[in-house]
Amino acid sequence: MTIPVTRPSRPQTHPSRPQTHPDHPDHPDHPDHPSHPITRPAAQVHFGVFFQGVNHTTIWSDPESGSQTDFATFERVIRTAERGLFDAFFLGEGLRLRESRGALHDLDVVGRPDAITQLAALAAITTHIGLVATQNTTYNDPADLARRLQSLDVLSGGRAAWNVVTTDNAWTGANFRRGGYLDHALRYERAQGQLNVARQIWDAFPDSADGAGSPGSSDGGVAHVSEHSDLFDVELDPTTPRSPQGHPVIFQAGDSPQGRDFAAANADVIFSRHGSVLAEALEFAADVRRRAVAAGRPEDDVQIFPGTGIIVGDTPAEAEEKARWVRWNQVTPATALSTVGNIWGEDLSGYDPDGPLPAHDPVVEELGGERGSATTGARTREIAAQWRALAEAEHLSIRELVVRNSSERGFQGTPAAVAEDLVRWVRTGAVDGFNISPWIVPSGLDDIVDKVVPELQERGAYPASYTGTTLRENLGLRAPLTRRAAVGAA
Ligand SMILES: Cc1cc2nc3c(=O)[nH]c(=O)nc-3n(C[C@H](O)[C@H](O)[C@H](O)COP(=O)(O)O)c2cc1C
């Protein structure tokens, strides 16, 4: 990336406050910095790459920005990630173009191929990196989805993972015969039922003599799966044996109390939203661990990977300048207006992005039967009030406010400073790894792999090679929850 010599069209009145900046409360030199004890001095940093596909954080205007659908793009990103010993290549899921109040999100039109299909193709050109497919439980059917995920797991030699989501919008459901949108509690009930059926399917083939779930073994006969409830009717003799890692690894993304309980009871890894402020990440981790113990699991059984961004420069000043440029270019005037408009619940495209927030309070609808967005109802009011207070305190325009909020996300600094921060996050027990979203595709991981990874390795906080061949091994996970008795795992 070449940073243009021209400054942002309207310089920020308040520079970003990254972790490595002494103004940020996470910085060790900040007077408000709480001391977070190092509880896991030998813990290793793990990386995944979150290939977003559709988003406004990729800087499309940069000449280096490539296609989001060419196989060559996926190939370049995953090969770089594997060269950098990343554990996972992670794909979100969107089954229909997103919209707000009936208007499509322009940036979504870049497209998004089906995740499992894409990951199957990428399995063929990689050897170790994990392949994580986000798949929703609200509109998929369990037997079909379990089979497709297990197929990816078998064909990749035990590298597949399922990021379980319930999906928070109604328009996705209108793609399907059942249509519409399920109540939040019912979505999680369905998610649990779906996962239970999937596990029965994955466990239907018997273990080999050593109990390790060797592929292809069917000497003891295949168990019949029969599940009949209000949610599912499944009668099935499964067709696919277990992979070398037993089951696909289970990721989860959903942050409500029900979502956290679901993760605590089921997930191997949480893809979390809590990757900006260390104190908040620690609080989230403590909450998840409490819930895991309440669900009868060891407290370290659920790993946490927040989504994040990383921006490095060879000097602190260069990193800061680059970060400012990135943040400003991520938040175009249209993005700023649509971000604020989503919270205000109205079309603000006629507003001046360089002007103040609307004088009136948001027009808020309570959750209805067709919309399930996390940012509706009371939560919307709360966010709007926080934004207004921040904008007034710091005299921010709409665009400056959105830039300011986005500057709280992620890590920036020299490679050494970023490495120090990442190690601190992992060794205080706040997270187990990071799911990194590059701000440019396909070259956005280059600096991280070439500059940050060696700094982590020098600190003894990152492996020098993959430790195993399956995703479960590389993440250091225990056996699948329903296989533990069979394989004698703790
Ligand atoms: C970090 C994160 C990433 C998510 N990614 C997706 C996604 O790619 N596709 C999707 O349909 N939902 C995604 N979701 C939303 C989930 O569908 C989630 O289940 C929804 O927010 C409702 O659950 P909750 O109320 O527990 O948060 C994501 C949620 C989080 C927290």
Side-chain angles (χ1 to χ4, degrees), residues 48-57 68 88-99 105 107-108 111-116 118-119 131-140 145 161-176 181-192 194-195 250-267 269-276 280-281 284-285 287-288 291 302-309 342 367 370-380 382-383 409-410 431-437:
V49 53
F50 177 25
F51 186 104
Q52 293 216 33
V54 291
N55 69 94
H56 69 261
T57 53
Q68 295 280 314
F89 180 92
F90 183 106
L91 292 171
E93 182 197 53
L95 297 180
R96 180 171 164 170
L97 294 178
R98 286 180 297 176
E99 56 188 71
H105 289 201
L107 291 176
D108 283 14
R112 172 180 253 173
D114 168 66
I116 296 179
Q118 188 177 333
L119 293 173
L131 306 160
V132 191
T134 300
Q135 298 282 299
N136 81 81
T137 50
T138 301
Y139 303 113
N140 279 298
L145 180 57
W162 173 16
N163 180 38
V164 182
V165 297
T166 63
T167 291
D168 59 4
N169 59 72
W171 61 84
T172 296
N175 281 355
F176 295 88
Y181 161 73
L182 298 179
D183 169 73
H184 190 268
L186 190 54
R187 275 186 283 153
Y188 275 109
E189 192 183 321
R190 193 180 153 92
Q192 187 64 62
Q194 174 122 212
L195 196 50
I250 301 297
F251 279 58
Q252 179 272 1
D255 200 32
S256 62
Q258 296 90 332
R260 292 183 187 195
D261 277 340
F262 176 81
N266 296 289
V269 184
I270 296 179
F271 176 31
S272 99
R273 286 205 171 104
H274 306 278
S276 293
E280 283 172 24
F284 176 74
D287 183 51
V288 165
R291 290 174 196 266
V302 187
Q303 298 193 356
I304 301 171
F305 278 55
T308 197
N342 274 340
L367 274 184
E370 349 174 290
R371 293 183 62 200
S373 164
T375 47
T376 53
R379 179 82 188 115
T380 310
E382 201 184 303
I383 294 170
R409 272 184 240 132
V431 301
D432 296 277
F434 300 88
N435 212 10
I436 302 167
S437 261

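All heavy atoms count here, side chains included; hydrogens, waters and symmetry mates do not. The shown structure was predicted, so the numbers you read here are calculated from the model rather than taken from an experiment. One-based numbering, in listed order, for ligands and for the atoms of each.
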Any N or O on [X] sitting closer than 3.5 Å to an N or O of ligand 1?
{"X": "H184", "value": "yes"}
{"X": "T134", "value": "no"}
{"X": "N163", "value": "no"}
{"X": "S272", "value": "no"}

**Request:** Mark yes or no for whether R187, through its side chain, and T137, through its backbone, hold a donor-acceptor pair below 3.5 Å.
**Result:**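 Side chain of R187 to backbone of T137: no pair is present.
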
**Prompt:** Of all residues at least two apart in sequence or in a different chain, which pass the ring pair (Phe, Tyr, Trp, His ring centres under 6.0 Å) check with F284?
**Reply:**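 Partners of F284 under the ring pair (Phe, Tyr, Trp, His ring centres under 6.0 Å) test: H274.
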
**Asked** ring pair (Phe, Tyr, Trp, His ring centres under 6.0 Å) with F434: which residues, sequence neighbours excluded?
**Response**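 Partners of F434 by the ring pair (Phe, Tyr, Trp, His ring centres under 6.0 Å) criterion, ordered by chain and then number, come out as F411.
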
Please work out which of [options] has its closest non-hydrogen atom nearest to [atom].
{"atom": "atom 1 (C) of ligand 1", "options": "F90, F262, F50, F271", "answer": "F271"}
{"atom": "atom 14 (N) of ligand 1", "options": "T137, V165, V164, D255", "answer": "V165"}
{"atom": "atom 4 (C) of ligand 1", "options": "S256, G307, A253, P306", "answer": "A253"}

**Request:** Provide the closest heavy-atom pair for V302 versus I270 in the form atom of the first, atom of the second, distance.
**Result:**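 Of all heavy-atom pairs spanning V302 and I270, the closest is CG1-CG1, 3.6 Å.
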
**Request:** Please name the pair of heavy atoms, one in Q194 and one in N140, separated by the smallest distance, quoted to 0.1 Å.
**Result:**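 Looking at all heavy atoms of both residues, the closest pair is NE2-O, 3.4 Å.
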
Which ligand 1 atoms are under 4.0 Å away from a heavy-atom of [X]?
{"X": "G92", "value": "8 (O)"}
{"X": "G259", "value": "26 (O)"}
{"X": "R273", "value": "29 (C), 30 (C), 31 (C)"}
{"X": "G254", "value": "18 (C), 23 (O), 24 (P), 26 (O), 27 (O), 31 (C)"}

**Prompt:** What distance do Q192 atom CD and D261 atom CG have between them, rounded to the nearest 0.5 Å?
**Reply:**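 The CD atom of Q192 sits 10.5 Å away from the CG atom of D261.
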
**Prompt:** Rounded to the nearest 0.5 Å, how far apart are CD of Q135 and CD1 of I116?
**Reply:**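 Separation between the atoms: 4.0 Å.
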
**Asked** Ring centroid separation for F50 and F271, is it under 6.0 angstrom?
**Response**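 Close enough - the centres of the two rings lie under 6.0 Å apart.
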
**Prompt:** Does E93 have a non-hydrogen atom less than 4.0 Å from ligand 1?
**Reply:**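 Judged by the 4.0 Å heavy-atom criterion, E93 does count as contacting ligand 1.
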
